Amino acid sequence: MSRQLRTSRFDPRAGFHAEGKDSGPSVPQGLLKAARSSGQLNLAGRNLGEVPQCVWRINVDIPEEANQNLSFSSTERWWDQTDLTKLIISSNKLQSLSDDLRLLPALTVLDIHDNQLTSLPSAIRELDNLQKLNLSHNKLKMLPEEITSLKNLKVLHLQHNELTCLPEGFEQLSSLEDLDLSSNRLAAVPAGFALLSSLLRLNLSSNQLKSLPAEISRMKRLKHLDCDSNLLETVPPDVGSMESLELLYLRRNKLRVLPEFPSSRQLKELHLGENQIEMLGAEHLQHLQAILVLDLRGNKLRSVPEELSLLQCLERLDLSNNDISSLPCSLGNLHLKFLALEGNPLRTIRREIIAKGTQEVLKYLRSKIKDDSGTSQNDSVSETAMTLPSESRVNVHAIVTLKLLDYSDKQATLIPDDIFDATRSNTIASVNFSKNQLCEIPKRIIELKEMVSDVNLSFNKLSFISQELCLLQKLTFLDLRNNFLSSLPEEMSSLTKLQTINLSFNRFKVLPPVLYDIPTLEAVLISNNQVGSVDPHKMKLMENLSTLDLQNNDLLQIPPELGNCVQLRTLLLDGNPFRVPRAAILMKGTAAVLEYLRDRIPA
């Protein structure tokens with residue numbers, strides 16, 4: 001369709017006008033010219049109180065340069081150039097939008113976040129091609145019914161507004177895949193939500209919801225459901241039948257009981273922290289075969305069922321701040337990367353063992369399994385399996401049964417060859433050489449490069465990392481706490497499966513640059529060092545990073561851009577000399593800290 005025909009459809013009074021004649025705020029002609037070529041215009045952070053008329057009419061009016069020079073080349077013919085498809089007017093001071101919005105019917109992306117909008121024009125219904133609409137961080141109290149006409153809309157971000165309800169017919173947004181309604185004032189979710197059959201991600205956190213409609217379970221494609229920080233006392237049992245659900249957040253509610261999850265076999269993360277749950281039973285766990293993260297901190301649990309040890313995929317388990325007095329020893333057989341137990345009246349595990357970290361706790365629990373099984377079996381193993389004279393110090397039971405090569409707490413300056421010899425043809429998944437006097441990593445560790453996934457070298461005297469460690473291609477967990485390290489080699493970027501690294505209590509002055517080059521990292525623990533800076537732009541690219549512990553370092557300031565690292569679920573900053581964010585903000589948790597930082601990013 002020609003530009004003139006489009007014009008007559010949307011503004012029959014106008015015809016062609018010359019640009020630049022309106023008295024509103026101006027836009028550099030170079031930006032407008034580039035926008036006609038690319039179809040994209042970015043006016044973010046320009047302190048605009050209103051959208052200039054030339055923006056609304058960019059598809060309608062004759063460009064100013066056309067009046068100055070009518071000899072256009074074939075690449076500059078304004079009547080042939082691209083309609084605007086992407087408009088970014090975020091981080092301004094807009095209080096309203098003109099009905100002239102209808103003059104941009106080709107828009108697929110409209111970003112108006114971080115303004116002062118209190119309403120939207122009914123003309124928004126004219127944006128038939130719109131696929132992404134970002135209205136977050138405004139002052140919207142309601143949405144016009146016309147928004148339900150956007151049948152091609154896939155992404156709708158409405159977080160941090162003042163919405164108390166949604167318009168009739170909202171479920172007509174049948175193409176919607178990503179809907180964020182967090183940090184509003186919603187007291188209920190319409191049952192009609194169930195008709196949003198394309199939805200993959202739904203964020204309802206930080207509202208005033210007291211219940212969820214049972215119909216929500218009909219969202220068969222939904223993968224991510226976030227209901228953190230509401231007033232939920234129960235969850236519909238049908239939530240457990242959502243077959244595609246992978247991440248479920250229910251933290252900071254008033255839940256007393258858990259639903260069962262008979263059909264949620266894809267569920268990878270279940271976050272239930274800071275509720276009032278008193279019991280965790282086998283029926284709650286038996287179907288969670290894919291679960292990686294289970295967060296139960298801050299509840300009223302008194303015990304943990306043995307069946308928890310059947311969750312063989314589980315990597316992170318948070319049981320802190322409950323009323324648990326004992327743990328089943330079978331938990332020692334889990335391949336946990338992170339286990340939090342602080343704030344429980346545990347009688348069966350000494351506090352100093354808990355203070356040593358996850359792997360020491362698991363090792364202790366495994367040793368209790370062995371003790372409980374009696375000594376006769378151990379004697380028979382030692383008679384048949386220990387054939388080398390010096391192997392009396394080798395825990396063959398651990399090698400054969402637990403796939404663990406353990407030579408820890410020996411105060412040794414090197415690992416004897418017979419320790420490695422004892423592995424023979426056995427598969428070794430974990431290596432524990434912690435609490436020795438090692439000044440370098442044993443070279444023979446390279447013999448395990450195709451099998452070992454966990455390595456614990458904490459509490460040694462390492463001042464450098466050797467090449468051998470960088471060749472452990474299956475490594476997912478690396479504990480280097482309490483050494484003398486001040487840098488990491490670039491070659492560590494070859495650890496393409498590494499998920500957790502613990503560098504606490506070393507001598508780092510900056511976050512090791514190589515960590516930014518390991519995209520699989522999920523947890524970086526680097527507390528109690530001398531770190532003075534981090535690179536928020538590189539960290540934003542670490543898409544899997546969910547935990548960053550920077551406690552007790554030398555950070556004089558926190559870069560506001562760190563707030564853009566929205567993938568972080570746990571950010572720990574206590575014990576640094578910076579003044580802002582203040583302690584009151586830190587106490588509100590990671591989401592509040594990230595939001596605080598984002599609000600301070602310069603325009």
Side-chain angles (χ1 to χ4, degrees), residues 292-293 314-318 320 334-342 352-364 404 406 408-409 429-436 438 441 445 452-466 469-470 472 474-489 492-493 495-531 534 539 542 544-553 568-576:
L292 299 173
V293 178
L314 193 62
E315 296 180 353
R316 299 179 62 80
L317 175 60
D318 194 339
S320 58
L334 288 173
H335 303 293
L336 294 176
K337 309 292 189 277
F338 175 83
L339 173 61
L341 297 169
E342 299 82 2
E352 55 265 31
I353 293 177
I354 295 174
K356 290 176 183 176
T358 298
Q359 299 310 310
E360 290 298 314
V361 172
L362 297 179
K363 173 187 171 184
Y364 173 81
L404 168 67
D406 187 358
S408 60
D409 206 6
S430 302
V431 171
N432 187 356
F433 293 157
S434 64
K435 297 169 75 174
N436 283 295
L438 301 178
I441 296 170
I445 200 170
V452 69
S453 60
D454 297 13
V455 171
N456 187 346
L457 290 162
S458 61
F459 296 90
N460 278 287
K461 295 184 176 181
L462 301 174
S463 58
F464 67 97
I465 300 299
S466 62
L469 187 71
C470 303
L472 302 183
K474 299 289 181 67
L475 196 63
T476 61
F477 177 88
L478 178 59
D479 192 342
L480 294 167
R481 278 175 301 160
N482 294 79
N483 278 284
F484 301 148
L485 298 170
S486 58
S487 64
L488 297 178
M492 283 186 68
S493 62
L495 299 176
T496 55
K497 295 189 177 181
L498 189 63
Q499 296 175 358
T500 299
I501 187 167
N502 193 337
L503 299 168
S504 302
F505 294 94
N506 276 283
R507 298 179 178 180
F508 294 99
K509 293 187 177 180
V510 297
L511 196 72
V514 69
L515 297 183
Y516 299 121
D517 297 328
I518 307 177
T520 52
L521 275 174
E522 297 176 2
V524 173
L525 312 177
I526 192 168
S527 65
N528 295 279
N529 279 273
Q530 302 162 37
V531 174
V534 295
M539 192 162 290
M542 301 172 71
N544 292 304
L545 188 66
S546 60
T547 299
L548 177 61
D549 185 353
L550 287 164
Q551 295 178 102
N552 302 316
N553 276 285
L568 288 174
R569 293 288 174 182
T570 302
L571 174 61
L572 304 175
L573 297 170
D574 294 313
N576 281 281

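Everything numeric in this text was worked out from a predicted model, so none of it was measured.
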Checklist entry - Does the side chain of Ser434 come under 3.5 Å of the side chain of Arg481 through a donor N or O and an acceptor N or O? => result no

Next on the checklist: Is it the case that the side chains of Lys356 and Ser458 hold a donor-acceptor pair, with the cut-off being a distance below 3.5 Å and no angle test?
Outcome noted: no

Item to check | Pairing residues for Asp409 by the side-chain contact (heavy atoms from CB on, under 4.5 Å) criterion, not counting sequence neighbours | outcome: Gln411, Lys435

Between [X] and [Y], which heavy-atom pair has the shortest distance, and what is it?
X: Met492; Y: Ile465; result: SD-CG2, 4.3 Å
X: Asn544; Y: Pro519; result: ND2-O, 3.0 Å
X: Ala523; Y: Leu545; result: N-CD1, 4.0 Å
X: Leu334; Y: Leu314; result: CD1-CD2, 4.3 Å
X: Leu498; Y: Phe477; result: CD1-N, 3.9 Å
X: Leu550; Y: Asn553; result: O-ND2, 3.1 Å

Next on the checklist: Applying side chain to side chain contact (heavy atoms under 4.5 Å, CB included) to Gln499 and Glu315, what does each step give before you reach the verdict?
Outcome noted: CA-CA 10 Å; Gln499 296 175 358; Glu315 296 180 353; 3.1 Å; yes

[atom1]/[X] to [atom2]/[Y] distance, rounded to the nearest 0.5 angstrom?
X: Leu495; Y: Leu488; atom1: CG; atom2: CG; value: 10.0 Å
X: Leu404; Y: Ser430; atom1: CG; atom2: OG; value: 5.5 Å
X: Leu521; Y: Met542; atom1: CG; atom2: CE; value: 5.0 Å
X: Arg507; Y: Ser487; atom1: CZ; atom2: OG; value: 12.5 Å
X: Leu515; Y: Leu503; atom1: CG; atom2: CG; value: 6.0 Å
X: Leu548; Y: Leu511; atom1: CG; atom2: CG; value: 7.0 Å

Is the backbone N or O of [Y] less than 3.5 Å from a side-chain atom of [X], with the two atoms forming a donor-acceptor pair by type?
X: Asn483; Y: Leu457; value: yes
X: Asp406; Y: Ser408; value: yes
X: Asn436; Y: Asn460; value: no
X: Asp549; Y: Gln551; value: yes
X: Asp454; Y: Leu478; value: no
X: Thr358; Y: Leu339; value: yes
X: Thr476; Y: Lys497; value: no
X: Asn482; Y: Phe459; value: no
X: Asp479; Y: Asn456; value: no
X: Asn529; Y: Phe508; value: yes

Checklist entry - Do Ile526 and Phe505 come within less than 4.5 Å of each other through their side chains, counting heavy atoms only? => result no

Checklist entry - So do the side chains of Lys461 and Leu438 get within less than 4.5 Å of each other, counting heavy atoms only? => result no

Next on the checklist: Pair Thr520, Thr496 - check side chain to side chain contact (heavy atoms under 4.5 Å, CB included), show working.
Outcome noted: CA-CA 7 Å; Thr520 52; Thr496 55; 5.6 Å; no

Item to check | Criterion side chain to side chain contact (heavy atoms under 4.5 Å, CB included) on Asn576 and Asn552, from CA distance to verdict | outcome: CA-CA 5 Å; Asn576 281 281; Asn552 302 316; over 6 Å; no

Checklist entry - When you look at Asn502 and Leu480, which way does the side chain to side chain contact (heavy atoms under 4.5 Å, CB included) test go after all the steps? => result CA-CA 6 Å; Asn502 193 337; Leu480 294 167; over 6 Å; no

Next on the checklist: Among Arg569, Lys337, Glu522, Arg316, which residue satisfies the side chain to side chain donor-acceptor pair (under 3.5 Å) criterion with Thr547?
Outcome noted: Arg316

